Every structure is written in C-alpha cells, then in structure tokens.
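Data block below; observations after.
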Amino acid sequence: MSDQLLRVSGLCAGTEDKPILHDVSLSVGAGQTHVLMGPNGAGKSTLGHVIMGDPAYQVTSGTIEFDGADVTDDSADKRSLAGIFLSYQAPVEVPGVPLYSYLRTITQKRPELKMTARKFRDRVGQIADQLDMGSSFLTRELNVGFSGGEKKKIEMLQLLLLRPKLAILDETDSGLDVDALSVVSRGIEAYRQACDGALLVITHNTRILERLSVDRTHVMVQGKLVAEGPASLIDDIDAHGFEQFEHAKGGDAQ
Amino acid sequence: MATATTATPELKLERVNTPPAQTWNYLRANDITLTVPSESRKGDVYFALPRLFEGIECGMGPDVTAWIESQAADAQYVEVRAGERRIEPIIATMDTGVMVRTGAEATIVVCADAQATSRTSAALVRVIAEKGARVRVLEFVATGDDQQHLESVGITADEGARVEVRQYFLGAHTTAAGLSCALNGADARFDLTCRYLGTDDQRLDINHVVRMRGRNGRSDLRESGVLDGRARKTLRATIDLVHGSSGSEGAELENVLVLSDDVVNKTMPVILCDEDDVAGNHGATIGSVGPEQIQYLADRGLSQEEAEALYVRALFDEALICAPTAAVRAAVLARAQTVLGTEVAGDLVDALQLDTEDRA
C-alpha cells in the first residue's frame, strides 16, 4: 500500500551477541495511531530504537521504509530529519548545553521550521504554556537536574516543536504522576491536532491512550509480533493480560 | 630592518599560578611563565587598597599581585554596607578590592574584552565576605586572538558567607587565571563554575585553590570546557582541608571535550587533608561527547560534528545568559561572532532580547 508512512518488513535485529527482534512486520499509515503492547522484555523499546536507527542494534535482515524511502541503512540523524521522532523512556542528560541552544539548533536544522529567533522564542513559550512549564527552564542544561516528569515534558516540547511525521513514544507515561500524565497526554493530543502526525505508542498504561483514537494495536512477545487488532484489543489485554498471547503465532486477534 | 621604536620594558613572571602542592616538574603542569609589559610609575601618586587586602591569597600568586599593583592606575575600593543588598553590579577595574560587610549581598563583574589597546591585559580582584555575606563573582575573558590576559582573584569568606563564582574563558591567545578562596568561618560555602574554550594555538592556564579552614564548610568546583585545534590547557584544582575544618566537604569535577588529536590537555586535581572528619572528592572525564549524548542528539537530527559544534555554541549561549550588563554581553557577543559567525552568535541575543548596546 502506497499510503503507508512506515513499513517494517521481516525485520530481524539485535545486539552483537543477542538476537532480539524476529521477523517483525508492521505498517503505520500517515496520521494513524498505533499502540505496541507486550510484557516486559518483549523487545518493544528495541523496535522503537531500531526504527530510529540506534547503532547499538544491528539489523540482520528485513527492511524499514519510511515515507516511501528505504531508510534501513540511514543514520539516526537522517531519519530524524526525514520525520521520525523517538521519545525516550529515560531522556538523556546533556550537561553543558542549555535547553535553548539545543532546541534552537535542532529546529534550525529543518528548513521547514526555520524562523527568526524572536518567533522561535514565542513559539517555544506557547508550547511551554501548553505543557505547564515554567519560563526559566530554557536557560537550564538539557535534562540536567529536571525531575522525571519535567524530562518527559521536555520530550513533548520537542515533539510539538519539531512536528515529525511519525512519533514513537517509548513508555512516555512511565514514572509519571497523575498530573504529569495529564499534561503529557495533552501534549500528544496537541501534536495530533497540530500536524496530524502518526503515532506508535509503546506503553503498559492505557490511561495515556484515553485522549487518543487508536487505529491499530500490536502485541509483541519475545521479539515477535504475535497479535494485531483494533483498539478494542487494548481492553482485552487490560482484562486478561498477555498470557493469552504467549504461545500465539501471530495474526489478527479479532 | 625594523625601524627604531620606543619599546615597552618587559618583565618575566617566572613560574606563577602555582598550586599549593606541586607535582613532578617534568610534567610541566605546575606553573606558567609569562612575559608582561612593565611600565615604570616612578613619581606617580596613586590610591592603594587598605592594607587589610594585602593578606588575601590570590590565585596567581604574590608575583602577579605585585606586578598588577605596579601597573594599575588607582585601585578601586568598594564597600557594601552591612545588610545592604546591592543590585547594581560592581565592575572590577585592573586592581579592585571589595568589602562585603555582614549580611550584605553583592555581584562583582570582571570582564576582559577585545577592545584593549595593549596586547596584555590583567585584573586583580580581592574580596572580603564578612559573616553571612552573599557574593557573586562573574568573570568573562573575551579578548582577541592575539592578546594575553592575566586574572588573579582572592576571596575570604567568614562564618556563613556564601560565595559563587562563574568563569567564562572564551578565548585569548593566552589566558592565565588563578582564583583562591579561603573559607575561614564555619558554615561558609563556595561554588565555582568554570567554562572554557580553547582553539587554534591558544593557551589556557587555570589555577583554582580552596582553603577550607572553618568547620562544616562546603565547596563545589565544576570545570568544563571544549578544546580544539592545537589548544593547550592546564587546570590545577586544589581543595585544602586545613586542620580545624571538621565536618567540611569539598568536591571538584572537570569535564573536558577534546575535539582534536593535537590538543594538549593537562588536569591536576589535588585534595590536601589535615583533618579527620572531612570529605574530599575529585574526578575528571576527558574525551569526546558521550555515546548516549551523541545518540540522543542524533535522534533529534544532529550529526556528530553538529553535536560537537552545539557544545561550543552552548558555551557562548550560557555566557550570554549569565552576563549581567549590556557591556559584558557586547564583549561576549563580539567574541562569539569571531568564533561562531555573526548569524549564530546573534541568535540568542535576538531570541532573549538581550541588551547589547555598544559601549562608547
């Protein structure tokens, strides 16, 4: 199908000495919201990082196509500029780099987002207001000394600033209290409204999905996609857990 | 053949900027020798600081203190009255002494810019922070590529005084800077942030000394910088836990980003200890940007080269954010324009609407 934004086909990948993903195939259409669920250690985060191009993982077979181009061998920075965004489960601290310098630099890398410094400041200010962030955060070092919730807000701020075509949210909801979760959910909703971007949400927590209209749900167990279905599959997992999929061979659950 | 000119007399300051405890001489990390102009002031009448300031240990040592005193015009003495919260920063001249009385607050700014007419510039700043005083010292070295700058700072802190120092060494042909802070009173605190950039053939020689004399003192020294080209940097950082400083804690940490194989980077962290119930820590990381950081930045669209350039830009951005006056911002901006180019350098100023009006 030509309208697929992301097409992962027969993907096998892992670290140097350990295969993690086995024959994974998954497609996400433009503007769609997909959810990836599975027990701990299933390989969900690995899939997110492999799609993003993390060199810690090696692709041994299969392909990743994004926006009509094969990006399997592209570096992460090229994939990012092409429109893929990975929100980290544990955002990395970057001492010595004020958040402003960082945000400005990554924005200026994208020709479609270039703007004057003052417009940029206004834009960041608007987004910060949306995310209930204080005004002093811009001059602080990137992710250094921020709480877990603040770090996730900074991830959302980048999501709203960069407006990627596809956002992979790797357990963005983990470790958040109710208020922070609400703010992050608002951020995701705002992203969908602002640019109709596609989402691949990796999560254990269905609360983050409450504001989203989910198109497809995927279940991963031991590095394999074992089930795929509509949004109602999430309720099924909520009620019965992942055991039902432990021995599944894949296919549509409905 | 060169035409005859009136040459300025010169003086060699031998082996200055030394730490309290030295290492093997063959490592060439103990000191620096500098050639400086030495104008005679015979017959001049000038104002000197009160003798109280003579006893303050300054980072670059007594030879540099004597030389700066001999070259400065009138010394500048500023007293901040007890309990006064001085908003207006004190702008240091070549020889400045500041007395911050009990419970007072003050900010002292030292700025060396590229407008100096002499190839050598210098600043000597001595500060006395009395009981419960709050002192901020902001140092900016943003001189030209062909200049050498000497900066020697000495601070004493009495009981409960808090001293915060931020240093931005943004490039000169030679920057030699020494800072000594004596926490003489109990519960005094010293926090230092030092950011530096060395490129091309630049030479950086930094000496930080903290004498922890009072009980329950705290000192925290954070140095970080970027070195590129054939830059040579030596950092000496000493935390001296003197007898009687029980309950005190001192920590020192340096992060250096080395971008070129031709860089010479020397770091000499030293903890001296003559007391039982104290804690002293030091550490250093030297190398390229960490793989985790590189990957995070790559995931947001930056190549490794762009990520490294971000660290240099960030250094100037931070200096601009921290600069307290339009004149200092203008000096930092001028230096940033030389290193980063006009477009990038002006970006932050525009975004934050910082006032950088040119000085007359």
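Nothing here was measured: the structure is a model prediction, and the numbers come from that model. Just so it is clear, the values below take in all heavy atoms, side chains as well, and ignore hydrogens, waters and symmetry mates. Lettering follows sequence order; numbering is per chain, from 1.
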Are [X] and [Y] linked by a side-chain donor-acceptor pair shorter than 3.5 Å?
X        : Y        : result
A:Thr107 : A:Lys114 : no
A:Ser9   : A:Ser25  : no
A:Arg192 : A:Thr33  : yes
A:Thr203 : A:Asp173 : yes
A:Asp122 : A:Gln126 : no
B:Glu254 : B:His208 : no
A:Asn143 : A:Lys151 : no
B:Arg300 : A:Ser80  : no

- Query: At a heavy-atom separation under 4.5 Å, does A:Phe85 approach chain B through its side chain, its backbone, both, or neither?
  - Reply: side chain

- Item | Part of A:Glu93 lying under 4.5 Å from any heavy atom of chain B |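 The backbone, not the side chain.
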
- Item | B:Arg222 portion near chain A, given a 4.5 angstrom heavy-atom threshold | neither

- Given that the side chain runs from C-beta out, which part of B:Ser303 has a heavy atom under 4.5 Å from chain A: side chain, backbone, both or neither?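 Both the backbone and the side chain of B:Ser303 come within 4.5 Å of chain A.
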
- Message: Under a 4.5 Å cutoff for heavy-atom pairs, which residue among B:Ser224, B:Pro291, B:Ala298 has the most contacts with chain A?
- Response: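 If we count pairs closer than 4.5 Å to chain A, B:Ala298 comes out on top.
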
- Message: Tell me whether A:Arg104 forms a cation-pi arrangement with A:Tyr100, defined as NZ or CZ under 6.0 Å from the six-membered ring centre and within 45 degrees of its axis.
- Response: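 No, A:Arg104 does not lie over the aromatic ring of A:Tyr100.
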
- Which one of A:Lys109, A:Glu141, A:Lys119 has the most heavy-atom pairs closer than 4.5 Å to chain B? A:Lys109

- Looking at A:Pro95, A:Ala76, A:Ala56, A:Ala82, which has the largest count of heavy-atom pairs under 4.5 Å with chain B?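 The answer is A:Ala76.
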
- Under 4.5 Å, heavy atom to heavy atom, which residues of residues 309-319 of chain B contact chain A?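 Counting heavy atoms that sit under 4.5 Å from chain A, the residues of residues 309-319 of chain B involved are B:Leu310, B:Tyr311, B:Arg313, B:Ala314, B:Asp317, B:Glu318.
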
